[in-house]
Amino acid sequence: MTASADVTATLQGKFPQTTPRASGDHPAINVPLSEAVAVLTSLRDEHAFDFLVDVTGADWGVDASPRFTVFWHLFSTTSHAYVRVAADCTNDTDPVAPTACDLWPAANWHERETYDLLGIKFSQHPDLRRILMWDGYPYHPLRKDFPLAGIDTPLPDLEVGEITKATAKPAPMVGGPFVASPGEINLTEAEPRAKDESWTERREKPASE
Amino acid sequence: MVSANNELAYNTKIEGEVIVTKADAVINWLRSSSIWPMPMGLACCGIELMASGNSQFDIARFGAEVMRFSPRQSDCMIVAGTVTYKMAPHVRRIYDQMAEPKWVIAMGACASSGGMYRSYATLQGVDKIIPVDVYVSGCPPRPEALLDALIKMQAKIRREPAARNLMASA
Ligand code: SF4
């Protein structure tokens, strides 16, 4: 931790536009999107954060601006420290972020996942296709305006869809969704269990919830 | 003097090497005793499916130990696991490639109804795309439950008008 505690301060010296980010665990830093790759390069080459743990994003809500933020989580295999880099996307409707594929090949699939689920495009990415949902799926499911149950969409294979008359229908929410309680010490309590949201189907949602 | 008939079993000397029975009985006996499964192990239930083949549970006792990884050689698709919408068309295509007659066991909550995955990505029951003969409850079902489903399916196969179906399709 000692080596990384002042890494944000050092970075701020080098990149004056960066600001410290409130964080419950590891040092974190806000960077402007245009400087993200430079900051990541500096972290990798000058601060020995040689391991890319994760690339992901957040959608802060339909009305929020900036709506999308991209996160990079780095780890140093020599000092065993983590650091989190966050960059707000400038465009709220069609967010674009620079790729980190040239720094870490591992970024490739993480960025494809972030694109697939949140619709954040990574410019200069060598192969920006969907990775979890199928090619041609019209939505980005982790966006806040996408319902958990889904939206009626044709199956990926139109021929099979025609034979079976099946589509990717919204899932029924009676008795669901099933949610786990993370952080629960008692494993029996932590098991995924139905959080009854039957009101989404017929009943009105109770006011107390 | 009347002698007691102790011949309970089939005796070739007496019957002249001829057995009289119904075509349905023979065909269904053959079919139900050598079901070759197509293991569609898509998630955790696949592990229990593998366990069913182990010597503790020994699915071979019911003639269904020959897991075929080619749909051309299998009779019964055991859908063991979560079917995502991305996977669903492939499951249907593999089912289409299986030769008739063919049967389907939906093993576990996910294959039967989508299970705990009430979400945009999961097919809510494999019966939306292929006809299912036997559903097995559980998450995952124990291997005994799968064996029970297999026995139920054997009973179902034995009730089929196999000869008539064969004539009709010929
Ligand atoms: S029913 Fe349970 S064990 Fe089986 S695939 Fe679904 S989640 Fe896994």
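Just so we're clear, the structure is a prediction, and the values are computed from it rather than from any experiment. Below, chains carry the letters A, B, ... as their sequence lines are ordered, and counting in each starts from 1.
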Next item on the list: Would you mind checking which part of L123(B) comes under 4.5 Å of any heavy atom in chain A, side chain (CB onward), backbone (N, CA, C, O), both or neither?
Entry: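 For L123(B), there is no contact with chain A at all, as no heavy atom is under 4.5 Å.
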
Margin query: How long is the straight-line distance from OH of Y137(A) back to OH of Y85(B), given to the nearest 0.5 Å?
Written below: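 It comes to 9.0 Å.
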
Margin query: Are there over 12 heavy-atom neighbours, none belonging to Q97(B), within less than 6.0 Å of that residue's CD?
Written below: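 For Q97(B), atom CD is crowded (more than 12 foreign heavy atoms under 6.0 Å).
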
Item checked: Heavy-atom contact with chain B under 4.5 Å, split by part of Y139(A) ->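 Nothing of Y139(A), per the 4.5 Å heavy-atom cut-off to chain B.
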
Check: What part of A168(A) is in contact with chain B, defined as an atom under 4.5 angstrom from a non-hydrogen atom: side chain, backbone, both or neither?
Finding: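 Both the backbone and the side chain of A168(A) come within 4.5 Å of chain B.
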
Check: Picking from G161(A), P141(A), A166(A), G150(A), which has the most non-hydrogen pairs under 4.5 angstrom with chain B?
Finding: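 The candidate making the most pairs under 4.5 Å is P141(A).
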
Next item on the list: Sort out for me which residue in L158(A), V160(A), I163(A) forms a side-chain contact (heavy atoms from CB on, under 4.5 Å) with P89(B).
Entry: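 For P89(B), the side-chain contact (heavy atoms from CB on, under 4.5 Å) check succeeds only for V160(A).
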
Checklist line | Inter- and intrachain pairs under side-chain hydrogen bond (donor to acceptor under 3.5 Å, both in side chains), touching residues 25-40 of chain B, at least two apart | finding: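 For residues 25-40 of chain B, and leaving out neighbouring residues, the side-chain hydrogen bond (donor to acceptor under 3.5 Å, both in side chains) pairs sorted by first residue read S32(B)-R158(B).
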
Next item on the list: Hey, could you give me each pair passing side-chain hydrogen bond (donor to acceptor under 3.5 Å, both in side chains) that has a residue in residues 151-174 of chain A? Not counting sequence neighbours.
Entry: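 Sorted result for residues 151-174 of chain A: D152(A)-T167(A), D157(A)-R93(B), E159(A)-R93(B), T167(A)-K169(A).
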
Check: Is the backbone N or O of L132(A) less than 3.5 Å from a side-chain atom of K86(B), with the two atoms forming a donor-acceptor pair by type?
Finding: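 Judged by distance alone, yes, a pair lies under 3.5 Å.
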
